[in-house]
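Everything below concerns the one structure shown next.
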Amino acid sequence: MENEKEKQDEKEMEINEDFKLDRILDNNTVHKYMFRICLIGNICVGKTSLLSRYSDNYFKQIYSATIGVDFRVITLKYKDIVAKVHVWDTAGQERFKSISINYYRSSNGFIYVYDITDMESLKGLDSWIHLTTENCNTNVINFLVGNKSDLENREVSKEEGEEFAKKNNLIFLETSAKNNDNVDKLFEYFTYKLIKYYEKNKEQYIQDETDTFGQFDNINLNEPKKKSCSC
Ligand code: GDP
């Protein structure tokens, strides 16, 4: 009976177009879970824009490359369960791959991003998926995101995105960081899926907070993370 109710709840959440979790702005709110997710993909697909749109409701038209790794912490609540989510924005450049691998290891999931106007950016995800699955041990939920859905010069159809997602067992969404389409849904649905997963499989949840903060120490947060670049 309880199981039936859970299934029903989940179904309602899945089909509800206006999917929403409560955003908590007070950083001192006690959390039950701390998750780490990574944004992955080629440069220029919109990883940084998705994160800044969600965390600061900000969109910058002019491109500047992420240097190394940047992150934001967002706090969300589903029913009475509060989860802190560290979202890591890893640089898409080849030379930063080795830095990023450290962040993949303790990630609970990945958001693989491509640009719907650039077929190469979807094809490029094969190697990112390979790299991340080889170098992570705790991830359970992964998303595929076709970003820049506001643009008309599309090279990747929605069906091709869906097919790629199905092949790689990813949850698929198209987004526009520019128009703020599906961006809230992406981060909130991801968090909801993680909460649901770990509520069902509590014994699998091992999050070493000291490890996370150890990694923060290695990053100079005052250092500018962006440099100008044309793409
Ligand atoms: P990253 O290298 O993957 O982090 O990409 P950025 O977030 O820095 O974005 C690269 C470029 O694409 C920037 O010029 C952004 O303004 C632009 N961009 C990002 N998201 C969108 C979007 O949803 N629509 C449009 N039209 N442009 C976007």
Side-chain angles (χ1 to χ4, degrees), residues 19 36-74 85-104 107 109-132 142-158 160-162 164-165 168 170-190 219 221 223-231:
F19 183 91
R36 185 186 304 181
I37 61 183
C38 286
L39 286 155
I40 308 271
N42 287 1
I43 52 165
C44 253
V45 294
K47 300 181 295 298
T48 303
S49 302
L50 286 166
L51 186 52
S52 57
R53 169 59 82 193
Y54 187 68
S55 60
D56 313 321
N57 199 12
Y58 171 73
F59 178 77
K60 191 166 87 176
Q61 195 79 42
I62 296 164
Y63 177 69
S64 56
T66 305
I67 308 293
V69 182
D70 198 359
F71 76 96
R72 297 278 208 296
V73 182
I74 49 186
V85 188
H86 293 224
V87 188
W88 295 85
D89 174 13
T90 60
Q93 294 103 318
E94 202 61 34
R95 66 200 162 104
F96 290 119
K97 269 190 178 162
S98 58
I99 304 179
S100 307
I101 283 171
N102 290 326
Y103 297 89
Y104 304 154
S107 191
F110 297 102
I111 300 174
Y112 299 103
V113 187
Y114 67 93
D115 170 350
I116 62 139
T117 69
D118 175 13
M119 179 55 96
E120 286 308 307
S121 70
L122 178 65
K123 289 188 181 156
L125 285 179
D126 275 328
S127 71
W128 287 107
I129 291 170
H130 182 70
L131 183 78
T132 47
N142 299 312
F143 272 59
L144 175 70
V145 170
N147 189 39
K148 308 196 188 180
S149 63
D150 56 287
L151 295 177
E152 281 174 9
N153 51 330
R154 186 189 268 276
E155 277 187 9
V156 185
S157 69
K158 202 167 177 190
E160 284 169 311
E162 277 165 352
F164 186 95
N168 291 286
L170 310 167
I171 299 169
F172 179 65
L173 264 185
E174 282 194 348
T175 58
S176 165
K178 184 175 181 184
N179 289 356
N180 203 4
D181 280 341
N182 272 347
V183 180
D184 291 4
K185 192 168 176 179
L186 167 65
F187 291 104
E188 294 175 12
Y189 194 53
F190 203 126
I219 298 172
L221 297 178
E223 210 178 86
K225 294 285 187 308
K226 294 277 187 172
K227 74 166 188 193
S228 293
C229 145
S230 56
C231 64

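Counting convention: from 1, in listed order, for ligands and their atoms alike.
Between Asn147 and Val45 the shortest heavy-atom distance is ND2-O, 3.0 Å.
Taking a cut-off of under 4.0 Å to the non-hydrogen atoms of Ile43, the atoms of ligand 1 that pass are 2 (O). In summary, the atoms of ligand 1 found under 4.0 Å from a heavy atom of Thr48, numbered by their order in the structure, are 4 (O), 7 (O). The distance from ligand 1 to the heavy atoms of Lys47 drops below 4.0 Å at these ligand atoms: 1 (P), 2 (O), 3 (O), 4 (O), 5 (O), 7 (O). Applying the 4.0 Å criterion to heavy atoms of Ser49 picks out, from ligand 1, the atoms 6 (P), 7 (O), 9 (O), 15 (C), 19 (C), 20 (N). Shown in contact with Ala177 at under 4.0 Å from a heavy atom are these atoms of ligand 1, numbered in order with element: 20 (N), 22 (C), 23 (O).
Every residue meeting the side-chain contact (heavy atoms from CB on, under 4.5 Å) condition with Asn179, not counting sequence neighbours, appears here in chain and number order: Asp150, Ser176, Asp181.
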Open item on the list: Let's go through Asp89 and Thr48 carefully: what are the C-alpha distance in whole Å and the side-chain angles of both, what is the deciding distance for side-chain hydrogen bond (donor to acceptor under 3.5 Å, both in side chains) to 0.1 Å, and is it a yes or a no?
Closed with: CA-CA 6 Å; Asp89 174 13; Thr48 303; 2.6 Å; yes
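Of all the heavy atoms of Asp150, the ones lying under 4.0 Å from any atom of ligand 1 belong exclusively to the side chain. Counting heavy atoms closer than 4.0 Å to ligand 1, residue Leu151 contributes side-chain atoms (C-beta onward) but none from N, CA, C or O. Residue contacts with ligand 1 for Thr175 are absent, since no atom lies close enough (heavy atoms, distance under 4.0 Å).
Taking any N or O of Lys148, backbone or side chain, at least one lies under 3.5 Å from an N or O belonging to ligand 1.
The closest donor-acceptor contact from the side chain of Lys47 to the backbone of Gly41 lies under 3.5 Å. In terms of modelled atom types and a separation under 3.5 Å, the side chain of Asn153 and the main chain of Thr117 share no donor-acceptor contact.
Between Tyr114 and Phe172, the ring planes lie parallel to each other; the angle is under 30°, not in the 30° to 60° tilted range.
Atom-to-atom distance recorded for Ser127:OG and Asn42:CG is 7.0 Å, nearest 0.5 angstrom.
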